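Let me begin by presenting the structure, written as structure tokens, before commenting on it.
None of the values given here were measured: they were computed from a predicted structure. Quick note: numbers below take in every heavy atom, side chains included, and nothing from hydrogens, waters or symmetry partners.
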Amino acid sequence: QVQLVESGGGLVHSGGSLRLSCAASGSIFSINVMGWYRQAPGKQRELVASITSGGTINYAPSVKGRFTISRDNAKNTVDLQMNSLKPEDTAVYYCYAGVVRATPWAPGTDYWGQGTQVTVSS
């Protein structure tokens, strides 16, 4: 079993910054992709940013140039630095770990964190 623990959410004024962190723990041999999704009230969960173990990064167009994702493969952590925050960034942010293997031959499983609230006031 794998647990994802998030930290760093909170309330910030428009234009401010926050840093989200997520640590994966448990039976982990490898994690293919780690990332962050968000879900605003009444909206579907959407990808914010992702990063593969090889360093390939993908950003949602709405956050490109403002958010930066980083990852430490050795520590199984992923961070999201969020700058120039806007009220429309308000959402619950979820950490995601995709294709997590406990051994080299084990099937991959996806995991989600419990979510952390980010609120940006205007």
Distance, nearest 0.5 Å, that separates OG1 of T116 from CG of L80: 11.5 Å
Flag for T77-D72: side-chain donor and acceptor within less than 3.5 Å: no
Any side-chain donor near an acceptor of the partner, Q81 and D79, under 3.5 Å: no
Distance in Å, N83 CG paired with D89 CG, rounded so as to fall on 0.5 Å steps: 11.0 Å
Y111 and Q1: CA distance, side-chain angles, deciding distance, side chain to side chain contact (heavy atoms under 4.5 Å, CB included) verdict: CA-CA 9 Å; Y111 294 92; Q1 191 69 6; 4.2 Å; yes
Qualifying side-chain hydrogen bond (donor to acceptor under 3.5 Å, both in side chains) pairs with a residue from residues 40-54, counting only residues at least two apart or across chains: R38-E46
Evaluation steps, side chain to side chain contact (heavy atoms under 4.5 Å, CB included), between Y59 and T68: CA-CA 9 Å; Y59 291 107; T68 302; 3.9 Å; yes
Shortest non-hydrogen separation from A102 to A106 and the atoms involved: N-CB, 4.1 Å
Expected output: side-chain E6 to main-chain C95 donor-acceptor under 3.5 Å: yes
Evaluation steps, side chain to side chain contact (heavy atoms under 4.5 Å, CB included), between Y93 and Q39: CA-CA 7 Å; Y93 284 69; Q39 188 166 19; over 6 Å; no
Flag, side chain of D110 to backbone of V99, donor-acceptor distance under 3.5 Å: yes
Test item: T90 side-chain N/O and V120 main-chain N/O as donor-acceptor pair under 3.5 Å: yes
CH2-CD1 distance between W36 and I51, expressed to the nearest 0.5 angstrom: 13.0 Å
W112 and Y96 aromatic ring geometry - parallel, tilted or perpendicular at 30°/60° bounds: tilted
Enclosure of E88 CD (heavy-atom neighbours >12, cutoff 6.0 Å): yes
Working for side chain to side chain contact (heavy atoms under 4.5 Å, CB included), residues R19 and S70: CA-CA 11 Å; R19 187 176 183 88; S70 59; 3.8 Å; yes
Reported CG-to-OH distance for the pair L4 and Y94, which is rounded to 0.5 angstrom: 13.0 Å
